Amino acid sequence: MALMLHSTPERGEIWGRIFNDADEAFFPSEAAVTDPTKITHIACWNLPADLDRYPNLATIICVGAGADHLRALPDGVRLVRTDIPSIAEMVRDWVVMATLALHRDMPVYLDQATRGLWRGVPTRRTRSCRVGIMGMGRIGALAASSLAALGFDVAGFSRSGHPIEGFQIYGADDLDAFLARTDMLICLLPLTDSTRHILGDALFARLPPNAQLVHAGRGAHLDMDAVQRALNNGQLRAAMLDVADPEPLPADHWVWADPRVIITPHVAAHTDAEEGAQFALQVVRAERSGMTPPGLVDIAKGY
Ligand code: NDP
Ligand code: OXD
């Protein structure tokens with residue numbers, strides 16, 4: 001087995017050291033591969049241009065936690081997403097920051113700051129805010145615990161509705177009930193055929209008026225025009241987004257000028273190079289011993 005990394009030279013150097021220490025075959029770039037038949041694993045965010053070059057390719061390892069953009073692979077090639085604690089922890093941190101920022105009216109204060117306006121709005125306790133997390137996987141469950149520890153009234157929504165101790169979990173059939181009790185909607189879903197554009201008019205209309213949106217999933221979960229409509233008709237009070245449609249967001253997009261939206265440029269998490277390499281090593285070794293690799297994507301489910 002041999003792994004090729006399709007990334008930056010800096011990451012190639014770090015991965016090279018870790019694979020070398022572990023005595024596993026490693027190529028830091030496409031240019032370093034002289035015999036493509038050796039390559040069984042490719043680790044990347046975006047696929048190399050010509051996968052046909054690698055006739056013995058068995059597994060693509062996405063270096064991020066969401067692998068939606070890599071699902072169309074040649075028959076028989078497996079897809080693994082990087083499932084490491086630091087990614088989940090970084091997104092959890094961003095979500096806690098965003099939830100507190102909206103709960104404590106930061107969009108209002110950031111806007112007032114541009115006009116030198118010193119004026120307070122009423123402050124509410126966290127326990128009066130019903131948080132609803134769409135996507136109670138690795139990241140959603142971690143965010144739920146942290147927000148609950150801050151006093152927020154947290155519930156979750158997942159495809160299966162499988163129970164998570166300490167939280168009321170709504171399943172796919174209970175979306176209406178979940179939305180009706182949600183003042184602060186947090187989206188941490190994977191992007192699949194069933195979740196594309198889920199954050200649209202129909203969903204916003206089922207939230208209580210003046211709800212708020214925190215979104216760190218994928219840009220294509222959003223119908224951006226519907227977000228603007230919901231802000232204008234009072235369905236949404238404010239939103240904090242880490243992802244957008246499209247990315248990068250054009251400089252003349254309405255979002256930049258709207259004080260009700262705070263946006264960061266898809267930075268909730270970055271994959272630590274060392275942890276990413278250690279994870280890829282685990283994948284290679286699990287597959288060599290005939291075990292299911294960690295982070296294996298179920299292509300039929302879409303995540
Ligand atoms: P997981 O696969 O661990 O969890 C996904 C969750 O979503 C599960 O609870 C799953 O339900 C639920 N789900 C999937 N489809 C549906 C659906 N149609 N309806 C309702 N619930 C659904 O993913 P992670 O927690 O690791 O990551 C979630 C996403 O976060 C990633 O896919 C990526 O898009 C995004 N992300 C963003 C980052 C950023 O920097 N902004 C960084 C990392 C990730 P069930 O439990 O029943 O399977
Ligand atoms: C990821 C991301 O999926 O950075 O890890 O979005």
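All of these numbers come straight from a predicted model, not from anything done at the bench. Just so you know, ligand 1 is whichever comes first in the structure, and atom 1 is the first atom listed for that ligand.
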Using a 4.0 Å heavy-atom cut-off, which part of M90 comes near ligand 1: side chain, backbone, both, or neither? neither

Ligand-side contact atoms (ligand 1) for residue partner H266, heavy atom cut-off under 4.0 Å: 39 (C), 40 (O), 41 (N)

Are there more than 12 heavy atoms of other residues, nucleotides or ligands under 6.0 Å from atom CZ of R288? yes

Name of the residue among L185, V96, T99 meeting side-chain contact (heavy atoms from CB on, under 4.5 Å) with V214: T99

Will you find, in the side chains of H103 and Q212, an N or O donor that is under 3.5 Å from an N or O acceptor? no

How long is the gap from CZ on R206 to OG1 on T182, to the nearest 0.5 Å? 11.5 Å

Output yes when the distance from some N or O of ligand 1 to some N or O of K301 is under 3.5 Å, and no in every other case. no

In ligand 2, the atoms that come under 4.0 Å of a heavy atom of G66 are 1 (C), 3 (O)

What do we get for L189 next to ligand 1 when only non-hydrogen atoms under 4.0 Å count, side chain, backbone, both or neither? both

Just checking D35: does its CG atom have more than 12 heavy atoms from other residues, nucleotides or ligands closer to it than 6.0 angstrom? yes

Should the proximity of T192 to ligand 1, defined as any heavy atom under 4.0 Å, be assigned to the side chain, the backbone, both, or neither? neither

So the atoms of ligand 1 within less than 4.0 Å of a heavy atom of A269 turn out to be 40 (O), 42 (C)

Please determine whether any non-hydrogen atom of G217 lies less than 4.0 Å from an atom of ligand 1. yes

Hey, is R81 one of the residues with a heavy atom under 4.0 angstrom from ligand 1? yes

Give the numbers and elements of all ligand 1 atoms closer than 4.0 Å to a heavy atom of A216. 35 (C), 36 (N), 37 (C), 38 (C), 39 (C), 41 (N)

R125 atom CZ: more than 12 heavy-atom contacts under 6.0 Å: no

Need the ligand 1 atom indices (1-based, order shown) with element for anything under 4.0 Å from a heavy-atom of L188. 28 (C), 29 (C)

Electrostatic pair D193:K301 at N-O distance under 4.0 angstrom: no

List every atom of ligand 1 that sits less than 4.0 Å from any heavy atom of G66, numbering the atoms from 1 in the order shown and giving each element. 31 (C), 32 (O), 33 (C)

For the pair H69 and W45, name the ring-plane relationship: parallel under 30°, tilted 30 to 60°, perpendicular over 60°. tilted

Under a 4.0 Å heavy-atom limit, does R81 contact ligand 2 with its side chain, its backbone, both, or neither? neither

Residues D153, R181: salt bridge by 4.0 Å N-O rule: yes

With a 4.0 Å heavy-atom cut-off (strictly under), which part of M90 contacts ligand 2: side chain, backbone, both or neither? neither

Please list, in number order, the atoms of ligand 1 under 4.0 Å from a heavy atom of A65. 43 (C), 44 (C)

